[in-house]
Structure formats: structure tokens, C-alpha cells
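Below you'll find the structure, written out as C-alpha cells, and then a few comments.
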Amino acid sequence: MDEQPKKLFYTIGEVAALFNVNASLIRFWEKEFEVIHPQRNRKGNRLFTQKDLDYFHQIYHLVKEQGHTLQGAKEKLKSKTIESEDARLAVAENLRKIKALLLELKELC
């Protein structure tokens, strides 16, 4: 997942693009995980906050990267261990950035 600019609200298309998934998967996760609460504009379009994005990031990591089932991901999100999961996510993200930087340096040499 690339660095995203900080905004107040993100459309479903923007969220789907950030995670490189279909918008239908974002809608599905919204229904399955009660922690995600998008606001709606006058047209009824979903508007996700940074907090929603943080939850999507955790869900994506648990389901797509670690291979948890939806039920397993729900239990992880509800449990207190999510704080340690956040720490692991941060470390994993930092390692990805370091790897990208090292690969970039390698290409320059």
C-alpha cells in the first residue's frame, strides 16, 4: 500500500485504489466489520475517515497478508491484542519502506 495524502474523507474508489482491491470488497468489509462506519453525502455515497482507513489497513493485513478468516480477523479486531498487531503493522510497513529504499539505492549503483 502506498503512502496516501491526509484528507478528511475518502471515497470508496479512493479506498479501493489504496488497497488495490475492488470497491465491492470494501463494501463487503464495511458490512462484515462493525468498526467501519462511513458517513454518507447527500447522494448516499460513502465517505470514509482516516479512522476507517486505519481499520481497513488492519483488516487487509489480517485477511490478505496473514491469511486469517473473516471470523478470525473480527476476533483479532475485538481483542486487546490489536495493539500489539498495530506495532507489528508499523514494523512491517517500515521494513517495506526500507526495502524500497535499498532497492532504489541498488539501482543507482
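Taken together through direct or relayed side-chain contacts under 4.5 Å among Ile, Leu, Val, Met, Phe, Trp and Tyr, Phe33 and Leu47 form parts of separate hydrophobic clusters. Cluster membership for Val21 and Leu62, using ILVMFWY side-chain heavy atoms within less than 4.5 angstrom, is shared. A continuous path of hydrophobic side-chain contacts links Val35 to Leu18 [ILVMFWY only; heavy atoms under 4.5 Å]. Hydrophobic clustering of Ile, Leu, Val, Met, Phe, Trp and Tyr side chains at less than 4.5 Å, counting indirect connections, unites Phe19 with Ile36.
Ring pair Phe48/Phe56 is perpendicular by interplanar angle, where above 60° counts as perpendicular and below 30° as parallel. The aromatic rings of Trp29 and Tyr60 sit perpendicular, their planes meeting at an angle over 60°, well past the 30° parallel limit.
Remark: Arg27 CZ to Lys31 NZ distance equals 7.5 Å, nearest 0.5 Å. Rounding to the nearest 0.5 Å places CG of Leu101 at 13.0 Å from NZ of Lys99. The CD1 atom of Ile59 sits 8.5 Å away from atom CD1 of Ile26, with the distance rounded to the nearest 0.5 Å.
A donor-acceptor pair under 3.5 Å links the side-chain atoms of Glu14 to the main chain of Thr11, judged by distance alone. Looking only at distances, a side-chain donor or acceptor of Asp52 sits under 3.5 Å from a matching main-chain atom of His37. Looking at Asn22, its side chain never comes within 3.5 Å of a backbone N or O of Leu25 through a donor-acceptor pair.
Residues His57 and Glu93 are in side-chain contact: their nearest non-hydrogen atoms beyond the backbone lie under 4.5 Å apart. Put simply, the side chain of Val15 reaches to within 4.5 Å of the side chain of Leu53, judged on heavy atoms.
Residue Asn20 places its CG atom among 12 or fewer non-hydrogen atoms of other residues, nucleotides or ligands, all under 6.0 Å distant.
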Could you go through Gln50 and Asp54, starting from their C-alpha distance and side-chain angles, then the distance that decides it, and tell me whether this counts as side chain to side chain donor-acceptor pair (under 3.5 Å)? CA-CA 6 Å; Gln50 184 62 46; Asp54 294 340; 3.1 Å; yes
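In this structure, His68 and Ala73 approach most closely via the heavy-atom pair CB-N, 4.1 Å.
Salt bridge Arg96/Glu65: present, at least one basic N to carboxylate O contact under 4.0 Å. The pair Glu34-Lys74 does not count as a salt bridge, with every side-chain nitrogen at least 4.0 angstrom from each carboxylate oxygen.
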